[in-house]
Protein chains: 2
Amino acid sequence: MTPQTRKKPERRTDPLSREQIVDAAIELLDTAGEGALTFRALSERLATGPGAIYWHVAGKGELLAAATDRVVSSALATGTAGPPGGMHDVALGLFDAIESHPWLAPQIAAQLSHDPTGPVTTRIFEDIGRQVAALDAPASSWFTATSALMHYVLGAAGQNAANRARARGLGPDADRSAYMDTVAGAWKQLSPEDYPFTRAVADQGLDHDDRAQFLAGIDLILAGLTAGPPAA
Amino acid sequence: MTPQTRKKPERRTDPLSREQIVDAAIELLDTAGEGALTFRALSERLATGPGAIYWHVAGKGELLAAATDRVVSSALATGTAGPPGGMHDVALGLFDAIESHPWLAPQIAAQLSHDPTGPVTTRIFEDIGRQVAALDAPASSWFTATSALMHYVLGAAGQNAANRARARGLGPDADRSAYMDTVAGAWKQLSPEDYPFTRAVADQGLDHDDRAQFLAGIDLILAGLTAGPPAA
DNA sequence: ACCTGAACACCGTTCAAGT
DNA sequence: ACCTGAACACCGTTCAAGT
């Protein structure tokens with residue numbers, strides 16, 4: 001039992017970098033969830049003390065913003081041009097990124113709220129907007145359509161990611177469709193007087209797979225765009 | 001300087017109730033913001049100790065869920081039937097509630113994620129869905145349309161609430177349009193190569209007032225619903 | 001049945017002191 | 001320039017002890 005060399009974790013010798021910190025933060029968020037991102041856990045993973053991180057990053061908010069920016073940028077890096085199916089590509093890029101990183105949707109929402117002119121918000125708006133502009137719709141509708149699409153994409157993708165995470169939580173054997181049956185089952189048990197609509201559509205969510213369902217929403221909004229002024 | 005009777009806050013004599021606790025929580029959230037809801041601050045306001053609250057409420061999560069449920073329910077209490085303009089009424093009910101309670105949008109999103117079959121989620125889905133069902137659209141599109149509308153309503157209303165809160169933060173004199181000029185100005189300064197679309201639509205957000213802008217998004221989605229299958 | 005309030009196990013952040 | 005690690009001011013939550 002050598003009494004000294006134990007207990008103290010070995011410290012790193014090379015200097016930290018902001019990029020390494022963001023990398024480690026993303027890994028921690030992905031593997032252990034949103035609540036696991038702690039300056040203590042992060043510094044342990046990086047073989048330093050909590051104070052060291054503050055030399056490279058202003059605080060937790062900035063760290064989360066940097067992690068969000070990194071993931072969103074790489075998800076949107078492909079397909080900036082506007083081919084006919086471009087809107088689906090952009091939307092699915094975000095959909096998949098949010099599915100792989102369930103913490104992403106709340107973080108993007110937070111960026112939208114606290115810094116609407118920040119890089120994350122602007123990048124998403126721009127990329128969706130370009131696809132809108134490439135369509136056959138009057139320019140006066142571009143802003144409204146881009147907003148509608150952006151909110152739908154983020155909301156629906158976040159919902160999907162949460163569903164997947166919860167399905168995984170049920171155990172490794174339980175697959176997604178078993179979980180969706182649970183949801184539909186809960187809806188079916190609602191009171192017919194108070195929830196007639198939800199009961200009626202309870203199984204519509206089970207027909208198609210998630211991505212097809214997601215894209216159906218996109219196409220619905222696009223149909224309104226190119227159909228001219230609303231009838232009502 | 002009487003040395004005893006000072007310092008100790010007077011305690012309440014009547015028993016607490018869950019309803020009073022939720023009331024106080026909503027008031028705290030409205031007046032001091034999301035970060036101010038603390039069991040210590042809440043118990044001080046209620047003239048008790050922090051432990052007393054736990055007799056009536058399981059924890060912070062349940063308290064936030066109860067506050068969210070209360071506000072959403074009262075916002076949707078009116079207009080459950082389906083007149084022609086019913087969709088606007090339901091959407092504006094949520095829009096106004098979220099504007100008066102800026103903490104509401106993130107909380108509804110959290111409920112959607114953690115408990116998609118919970119009362120808040122189900123109530124919103126049901127009320128929007130009834131309006132969809134009252135429209136002249138095929139039943140096979142109801143689920144998709146209701147999802148799209150729900151995500152748009154929550155996202156756009158949350159964005160509006162955040163904008164308003166930030167405009168208020170600029171000082172009591174600065175009104176909303178001055179703040180929106182700031183946003184549009186920031187967009188105008190983006191690089192023309194990287195953000196051509198955002199620059200191009202920078203002032204489209206300023207034309208109409210917020211509620212009209214919000215309703216334009218609703219109508220866009222509804223136009224797609226009643227226009228038949230998408231062209232593309 | 002309902003409340004008290006100290007205590008526990010955490011946080012994010014700071015900062016003198018080291019190299 | 002970059003890091004250490006103890007310390008500060010908080011959290012949510014628990015629980016023996018009171019009434």
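Numbers restart at 1 for each chain; the letters A, B, ... are given by sequence-line order, proteins then strands.
For the residue pair B:Glu126/A:Thr198, the side-chain donor-acceptor check at 3.5 Å is satisfied. In the model, B:Gln213 has a side-chain atom that pairs as donor or acceptor with a side-chain atom of A:Thr144 under 3.5 Å.
For A:Thr38 and C:dC11, the shortest distance from a side-chain N or O to OP1 or OP2 is below 4.0 Å. Look at A:His56 and you'll find a side-chain N or O under 4.0 angstrom from OP1 or OP2 of D:dC3. A sub-4.0 Å separation between OP1 or OP2 of D:dG5 and a side-chain N or O of A:Arg11 is present. For D:dC3, the OP1/OP2 oxygens have no side-chain nitrogen or oxygen of A:Trp55 closer than 4.0 Å.
Using a 4.0 Å heavy-atom criterion, one finds that B:Gly51 contacts the bases of the nucleic acid, with or without backbone contacts as well. Using a 4.0 Å heavy-atom distance criterion, A:Leu37 is classed as a sugar-phosphate-only contact.
Residue B:Arg18 contributes atom CZ, which lies 14 Å from atom P of C:dC2 at whole-angstrom precision. Atom CD1 in B:Ile53 sits about 13 Å away from atom C1' in C:dT4, given to the nearest Å. We find that CG of A:Leu16 is positioned 14 Å from P of D:dG5, with the value rounded to whole Å. Summarising the geometry, the separation between CD on A:Glu62 and P on C:dG12 is reported as 15 Å, rounded to the nearest angstrom. A:Tyr54 places its OH atom 4 Å from the P atom of C:dT13, with the value rounded to the nearest Å. Regarding B:Leu42, its CG atom lies at a distance of 13 Å from the P atom of C:dT4, rounded to whole Å. Summarising the geometry, the separation between CG on B:Leu28 and P on D:dC11 is reported as 11 Å, rounded to the nearest angstrom.
Relative to the side chain of B:Phe39, the nucleotides D:dT13, C:dC3, C:dT14 differ in distance, and D:dT13 lies closest. When distances run from any side-chain atom of A:Pro50 to the nucleotides D:dT13, C:dG5, D:dG5, the shortest one goes to D:dG5. Checked against C:dC3, C:dC11, D:dG12, the side chain of A:Arg40 finds its nearest nucleotide in C:dC11.
More than 12 heavy-atom neighbours from other residues, nucleotides or ligands sit within 6.0 angstrom of CD on A:Glu62.
At a threshold of 4.0 Å, the pair A:Arg211-A:Asp209 does not count as salt-bridged, since none of the basic side-chain nitrogens sits closer than that to a carboxylate oxygen. No salt bridge links A:Asp69 with A:Arg123; every basic N to acidic carboxylate O contact stays at or beyond 4.0 Å. A salt bridge links A:Arg164 with A:Asp210; the closest basic N to acidic carboxylate O contact falls under 4.0 Å.
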Worked check of side-chain contact (heavy atoms from CB on, under 4.5 Å) between A:Asn160 and A:Ile98: CA-CA 9 Å; A:Asn160 174 69; A:Ile98 289 171; over 6 Å; no
Worked check of ring pair (Phe, Tyr, Trp, His ring centres under 6.0 Å) between A:Trp187 and B:Phe125: CA-CA 11 Å; A:Trp187 277 350; B:Phe125 187 83; 5.4 Å; yes
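Nucleotides of DNA chain D nearest to B:Ala52 and B:Lys60 differ in position, and the one nearer the 5' end is that of B:Lys60.
For DNA chain C, the stems formed by at least three consecutive Watson-Crick or G-U pairs, with both atom-pair distances below 3.5 Å, span C:4-8 with D:12-16, C:12-16 with D:4-8.
Rounded to whole Å, the P atom of C:dA17 lies 22 Å from the corresponding atom of D:dC2.
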